[in-house]
Amino acid sequence: MIQHHPAPEILAEYAGGALHAGAMLVVACHLETCAVCRSEVSLWEGVGGALLDETAPEILSHRALEAMMARLDAAEPQSARPSMPDFLKDFDLPAPLKGRTVGRRRRVTPNIWFAPVDVPGEGSVRTYLVYAGRNTVLAEHTHVGREFTHVITGAFTDTGGRYDKGDFACTDETIIHTPGVTGETGCLCLISADAPMRLTGLPARIIQRLTGTLY
Amino acid sequence: MAVWKGSHTVTDWSDCIVAIAQRRDRQQFAALFAHFGPRLKGFFLRRGLTAGTAEDLMQEALLMVWRKADRFDPQRAGASTWIFAIARNLSIDLKRRERDPGLLAEFYDGADQPTPGELLLSAERDGRIRAALAALPADQAEVVRLSFFEERPHSQIAEELRLPLGTVKSRVRLAMMRLRALVEERQ
Ligand SMILES: [Zn+2]
């Protein structure tokens, strides 16, 4: 049972295409599992459709129709879907993630790893998978801008409560947190952040200075 | 305030896409192009794209309509709503393909399955959305238009209108509640 949903204005931004591609991806994963939010988004898409109909028509270039009709018979190219790396084979991944390229896994501790997800992006945006084993806690950190999280498997607990499979979390620079994995299994999440996280605890800050920016 | 009516009704364009799917009807497609082509170009221009790119994306969007017409389900979405979602996805996808021109435009699908218990036919629902939009107070209509049409995040809209972010967010929320109430209202 999904407990945490994107705020209404996030769903409106999604429907209007106003989020960056990484954030769009995280919300799309939530929508796959959540009928309540899908209905909200479809209402907003209806608004988009109505606005499209009302847009003042722009004059098209000379022979635009001819050019269009000439393309109809061309064979439809097949898009090659990237294959998922082996370390994700045992996870039940959300469909919107399946067309994406996932990069190499980097372990930060024996129990925690990160893997980048390739989305078209504005410079500072970071979109990645993070896996944390049972009973692990992420270093205390905060964010610049917003960070969206979709729980793919397992559960974690944070300032906002407990987040299970299918739940959506949004944090921003007003929140300093140390999310921890609860439950019997590890937790895999898809995250997209406007900018890299900033570690806030002293030991972590030292590590960050030594290793450079992580995610 | 715009008038939310065109020469065709919402249902006509849905039938048109169904005819394209069933019969590969080029004449119907040409009619669809005549209506949506110039509007899609306007849509992409308002998102800050150049005239050339706007026209390319317009063609790509309508080519997708031609190719994926069999995936259009008139029970699920009205024609303009479906085409709007295709156009929105293309403009987001554009950056990925600019970086890697070999990539094909993704056709996103499946995120908008009908909700159980949703009784309204989508054409009727779209008609109600239009009526509801026309009835929206001007300040709410403005934030809706900016976020849908110009792809601006709420933070940027707040800056432009010189309003606190909270005000923009609450206007969006109010607009949403009002739209939902009007759309779900029993006749
Ligand atoms: Zn939801």
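All figures in this text were calculated on a predicted structure; none of them were measured in a lab. Below, chain A is the first sequence line, B the second, and so on; all start at residue 1.
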Next item on the list: Output yes when a side-chain donor or acceptor of R26(B) lies under 3.5 Å from a complementary backbone atom of M69(A), and no otherwise.
Entry: yes

Margin query: Restricting to side chain to side chain donor-acceptor pair (under 3.5 Å), what partner residues turn up for S61(A), sequence neighbours left out?
Written below: E55(B)

Next item on the list: Could you go through the side chain to side chain contact (heavy atoms under 4.5 Å, CB included) check for L51(A) and F43(B) one step at a time?
Entry: CA-CA 9 Å; L51(A) 291 172; F43(B) 169 82; over 6 Å; no

Next item on the list: Under the side chain to side chain donor-acceptor pair (under 3.5 Å) rule, collect the residues that match up with R162(A), sequence neighbours excluded.
Entry: D164(A)

Next item on the list: Over all heavy atoms of both residues, which pair between A85(B) and E45(A) is shortest? Give the atoms and the distance, please.
Entry: CB-OE2, 4.2 Å

Next item on the list: Specify the closest pair of heavy atoms between R88(B) and G16(A), including all atoms of both residues, with the distance to one decimal.
Entry: CD-C, 4.0 Å

Margin query: If I take atom CD from residue Q59(B) and atom CG from residue L60(A), how far apart are they, to the nearest 0.5 angstrom?
Written below: 9.0 Å

Next item on the list: Output the distance between atom OG (S80(B)) and atom CG (L52(A)), rounded to the nearest 0.5 Å.
Entry: 6.5 Å

Check: So what's closer than 4.5 Å to chain A heavy atoms on M177(B): side chain, backbone, both or neither?
Finding: neither

Next item on the list: Taking atom CZ of R107(A) as the centre, report whether more than 12 heavy atoms of other residues, nucleotides or ligands fall under 6.0 Å from it.
Entry: yes

Notebook entry, point to check: Side chain, backbone, both or neither: which part of R39(B) has an atom under 4.5 Å from a heavy atom of chain A?
Noted result: both

Next item on the list: Carefully, step by step, assess F36(B) and D53(A) under the rule side chain to side chain contact (heavy atoms under 4.5 Å, CB included).
Entry: CA-CA 8 Å; F36(B) 285 103; D53(A) 261 344; 3.6 Å; yes

Check: Given E9(A) and M176(B), is the side chain to side chain contact (heavy atoms under 4.5 Å, CB included) satisfied, shown in steps?
Finding: CA-CA 9 Å; E9(A) 67 272 10; M176(B) 164 115 68; over 6 Å; no

Checklist line | Value rounded to 0.5 Å, distance of OG in S42(A) from CD1 in I129(B) | finding: 7.0 Å

Next item on the list: Check G46(A) against D126(B) and note the closest heavy-atom contact, atom names and distance.
Entry: CA-OD1, 4.3 Å

Checklist line | Options A67(A), A56(A), P96(A), ranked by heavy-atom pairs under 4.5 Å with chain B, top entry | finding: A67(A)

Check: What part of L40(B) is in contact with chain A, defined as an atom under 4.5 angstrom from a non-hydrogen atom: side chain, backbone, both or neither?
Finding: both

Notebook entry, point to check: With a 4.5 angstrom heavy-atom cut-off, which part of L62(B) approaches chain A: side chain, backbone, both or neither?
Noted result: both

Margin query: As an exercise: rank M68(A), R71(A), E13(A) by heavy-atom pairs under 4.5 Å with chain B and give me the winner.
Written below: M68(A)

Margin query: Using a 4.5 angstrom heavy-atom cutoff, name the option from K41(B), R24(B), K169(B), R180(B) with the most pairs to chain A.
Written below: R180(B)

Note to self: I'd like to verify something: which residue of A7(A), C29(A), A95(A), A64(A) has the highest number of heavy-atom pairs under 4.5 Å with chain B?
What the structure shows: A64(A)

Item checked: Among I59(A), L72(A), L65(A), residue most engaged with chain B (heavy-atom pairs, under 4.5 Å) -> L72(A)

Next item on the list: List the steps and the verdict of side chain to side chain contact (heavy atoms under 4.5 Å, CB included) for W44(A) and T81(B).
Entry: CA-CA 9 Å; W44(A) 283 107; T81(B) 301; over 6 Å; no

Next item on the list: To the nearest 0.5 angstrom, please state how far the CD1 atom of I92(B) sits from the OH atom of Y14(A).
Entry: 7.5 Å

